[in-house]
Amino acid sequence: MKTAIIVIDVINDFVSGVLGSERAERIVPNIGRLIRHARGEGVPVIYVTDAHLPEGDREFDIWPRHAVDGSEGARIVDALKPEEGDYHVKKRRYSAFYATGLDALLRELGVGAVVLTGLVTNICIQHTAADAFFRGYRVVVPRDCVEASTDEAQEAALSYMEEMYGAEVTSSEALMSEGLLREGYAA
Ligand code: ZN
């Protein structure tokens, strides 16, 4: 089963901008190592990023204005700049699947397992895990490549994804050292 790495919302506004935090900053190097490894193994790297309407976006009823499409805040952080051959899908809701082309892209690439990385564990990662599970994908979450605003939120979301979606919660180190990305998952 072919695997893809999904990098969700590692954009300026979520790392150093209006919704940024040190907790978010500390996963960036881990994701960087994982995607460099993935590219070397021929594993697709797919960025999915918030790209909100300038005004009237539904999310702005709940959150401060952030990640307006085309703005500096909506740009992928410099440390994880996409490279040739990577993919980029824009979204306007928590789930990377909702009203986007992600599902069609994964199917065209022959992907059956998704490794979810990025922000925020109990929001966009968890909603994406749900939609991946509903669509028949195997879900893998390296815990050092996702982050929430508190340890409690992080652990609760990881447990929920394990229990409800059969997600494999692992580490980026394990994914790289065991060659799982290149070989893919058996079932
Ligand atoms: Zn948003």
Side-chain angles (χ1 to χ4, degrees), residues 4-32 34-35 44-82 86-106 114-135 137 139-161 164-165 167:
I5 310 283
I6 318 284
V7 184
I8 298 175
D9 282 340
V10 191
I11 58 176
N12 290 325
D13 270 350
F14 283 89
V15 176
S16 56
V18 61
L19 295 169
S21 69
E22 276 179 26
R23 295 178 67 100
E25 276 172 34
R26 70 190 185 194
I27 64 168
V28 172
N30 302 339
I31 297 172
L34 182 63
I35 61 179
V45 174
I46 304 172
Y47 294 84
V48 185
T49 63
D50 255 6
H52 289 299
L53 301 175
E55 303 299 334
D57 199 289
R58 185 81 200 282
E59 265 194 23
F60 299 164
D61 296 342
I62 301 165
W63 299 100
R65 198 163 176 274
H66 64 277
V68 170
D69 192 17
S71 70
E72 185 60 19
R75 210 160 48 75
I76 294 161
V77 299
D78 284 340
L80 300 186
K81 245 189 190 18
D86 294 345
Y87 299 88
H88 187 185
V89 172
K90 292 180 179 182
K91 69 179 178 66
R92 284 208 296 118
R93 295 290 188 265
Y94 302 146
S95 170
F97 286 93
Y98 184 83
T100 72
L102 180 61
D103 189 44
L105 173 61
L106 292 172
V114 288
V115 176
L116 303 182
T117 69
L119 300 161
V120 170
T121 316
N122 58 322
I123 312 175
C124 294
I125 300 295
Q126 187 170 326
H127 282 271
T128 300
D131 273 345
F133 173 72
F134 299 156
R135 286 163 176 77
Y137 295 98
V139 178
V140 181
V141 185
R143 61 164 59 240
D144 56 310
C145 293
V146 295
E147 194 51 280
S149 59
T150 64
D151 288 344
E152 292 72 25
Q154 168 86 343
E155 293 309 317
L158 291 173
S159 298
Y160 191 92
M161 290 187 278
M164 297 301 148
Y165 314 132

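Numbering of ligands and ligand atoms starts at 1, following listing order.
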Worksheet item: What protein N/O/S atoms are found closer than 2.8 Å to the Zn ion (ligand 1)?
Response: Asp50 OD2, His52 NE2, Glu59 OE1, His66 NE2
Polar side-chain atom of [X] near backbone of [Y] as donor-acceptor pair, under 3.5 Å:
X: Glu147; Y: Ser21; value: no
X: Asn30; Y: Asp144; value: yes
X: Asp13; Y: Ala67; value: yes

Fill in: Salt bridge flag under 4.0 Å for residues Asp57 and Arg65
no
Discussion item. Can you confirm whether more than 12 heavy atoms, excluding those of Tyr87, are under 6.0 Å from its OH atom?
Written reply: no
Practice prompt. List in chain and number order the residues that pass salt bridge (Lys or Arg N to Asp or Glu O under 4.0 Å) with Glu22, two or more places apart in sequence or in another chain; answer none if no residue qualifies.
Written response: none
